[in-house]
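Atoms within each ligand, like the ligands themselves, are counted from 1 in listed order.
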Amino acid sequence: MQVPFLDLKTQYQSIKHEIDPAIHNILENSSFILGKAVFNFEEEFAKAHEVKHCIAVNSGTAGNHIALWAAGIGSGDEVIIPANTFIATAWGATLCGAKPVFVDCEKDSYNIDPGKAEEAITPKTKAIVAVHLYGQPANMNPLKEIADKHNLLLVEDSAQAHFAEYMGKKVGGLGEISSFSFYPGKNLGAYGEGGAVLTSSDEIAKKAKMIRDHGALQKYQHEIFGHNYRMEGIQGAVLGVKLKYINQWTDARRKNAERYNYHLSGIPQIKLPAEMPYAKHVYHLYVIQVLGNNSHSNAGLRDELAEHLVKSGISVGFHYPVPLHLQKCFDYLGYKKGDFPMSEQLAETGISLPMFPELTEEQIVYVAQQIKLFFENKEEKFSSYIHAAQV
Ligand SMILES: *Cc1c(COP(=O)(O)O)cnc(C)c1O
């Protein structure tokens, strides 16, 4: 059996009858950049999050950058960021000329540890970026308290957590400003690059809109520095169609996670993802940790399991194999191995199993069977080794 990591084609087939005319309409009207489809999507996306403004941009990375830029983060400032995230979270700070300050993640949620974030605050700290990693909301209330106490901006990187909820409220509307990615593989994905910024601040929204379009609100009247971060019309049209299905797809992801949890229960060598009590997890990724057991060395066990799964026709991923503080591009910050043990452990033991709404129960059962088989074979080899040693 083949189990892909994700399957965008099957999803496209299910909505082709709506997508094709929506794209055709953009072609007929030549509304290639921004335009009505994009503005409609902005309105609906803002409304769904109960925030005043949505600014559609051309990637999640652009969203990360604009969020901090529009909020006035610049050189000399420090921005607190989890070490366990995708690199684009850090580009927001670095592209503004600010210094990223990394913080370890919690052992169960895998998100930024609020206590550690507070310890990292200096007089130069201006913002905390919380990432809702893998689809699980970060623990926003303690973060908000810390941000308020130290007068910091609280930013959400919601790239992996469309329509996830923290204490019943959708992420993306919890901090002052948030960014989303609509990269095709994300829970809500365009058919190309895409992203958005959400905020209820009129001032930040106005600046973000200007930055998106060369620092201008009126053509050729450049009030501030800017960039070209405009969303394409075709992506707005695709997202407008797909937005109607996000709840249905989220339900399917959650159902798949439940099935994984059931079929993978009772395997002592792995740790399953935890849904925190405050969270509605949307399972952008289903990440298990391969911890092995205490009786023998577990080094490389994750890689061996991954190899076994790939050989069995199952695609897997590592998210992320190198934590941000150990990336070469951040050598200048002076971090070293051992600084953030939980992020480093996850980099060595985490494995993302196939996860997408259209995944079937048969496929999930097969993945679970292969994982069990791998450990059974391991144990057999191990006990025959012990047996031989005793004889
Ligand atoms: C995908 C992602 C981004 C960047 O999004 P792009 O649209 O690919 O630029 C930013 N942050 C996180 C956490 C992501 O997963």
Got an N/O contact under 3.5 Å between [X] and ligand 1?
X	result
T85	no
S181	yes
Y183	no
G60	yes

Per-atom contacts, ligand 1 versus [X] - under 4.0 Å to a heavy atom:
X	value
T89	11 (N), 13 (C)
G194	7 (O)
A88	3 (C), 4 (C), 10 (C)
V131	13 (C)
N64	10 (C), 11 (N)

List the closest protein heavy-atom neighbour of [atom]: residue, atom name, distance to the nearest 0.1 Å.
atom	result
atom 11 (N) of ligand 1	D157 OD2, 2.8 Å
atom 15 (O) of ligand 1	Q160 NE2, 2.8 Å
atom 12 (C) of ligand 1	A159 CB, 3.4 Å

- Can you find a pair of side-chain heavy atoms, one from D104 and one from D113, that are under 4.5 Å apart? no
- With a 4.5 Å limit on heavy-atom distance, are the side chains of N141 and M167 in contact? yes
- Any idea which of H132, H319, K186 brings a heavy atom closest to atom 2 (C) of ligand 1? K186
- Message: Please identify which of these residues, Q136, H281, R254, K280, meets the side-chain hydrogen bond (donor to acceptor under 3.5 Å, both in side chains) condition with E275.
- Response: R254
- side-chain hydrogen bond (donor to acceptor under 3.5 Å, both in side chains) with H132: of E156, H162, Q160, only one passes, and it is E156
- Message: The test is side chain to side chain donor-acceptor pair (under 3.5 Å); show your working for E118 and H150 and say whether it passes.
- Response: CA-CA 9 Å; E118 186 162 29; H150 298 271; 2.9 Å; yes
- Query: Without hydrogens or angle criteria, can the side chains of D20 and Y12 be said to hold a donor-acceptor pair below 3.5 Å?
  - Reply: yes
- Task: For T349 and Q289, test the side chains for any donor-to-acceptor distance below 3.5 angstrom and give the result as yes or no.
- Result: yes
- Taking the six-membered ring of F318 as reference, does the NZ or CZ atom of R302 fall below 6.0 Å from its centre and within a 45° cone about the axis? yes
- Which is it for T61 and ligand 1 at heavy atoms under 4.0 Å: side chain, backbone, both or neither? both
- Message: Heavy-atom distances under 4.0 Å decide this one: backbone, side chain, both or neither, for S59 against ligand 1?
- Response: both
- Compute the centroid of each ring, for H325 and then for F102, and state whether the two points are separated by less than 6.0 Å. no
- Task: Flag the pair Y335 / F340 as yes when their ring centroid distance falls below 6.0 Å, and as no otherwise.
- Result: yes
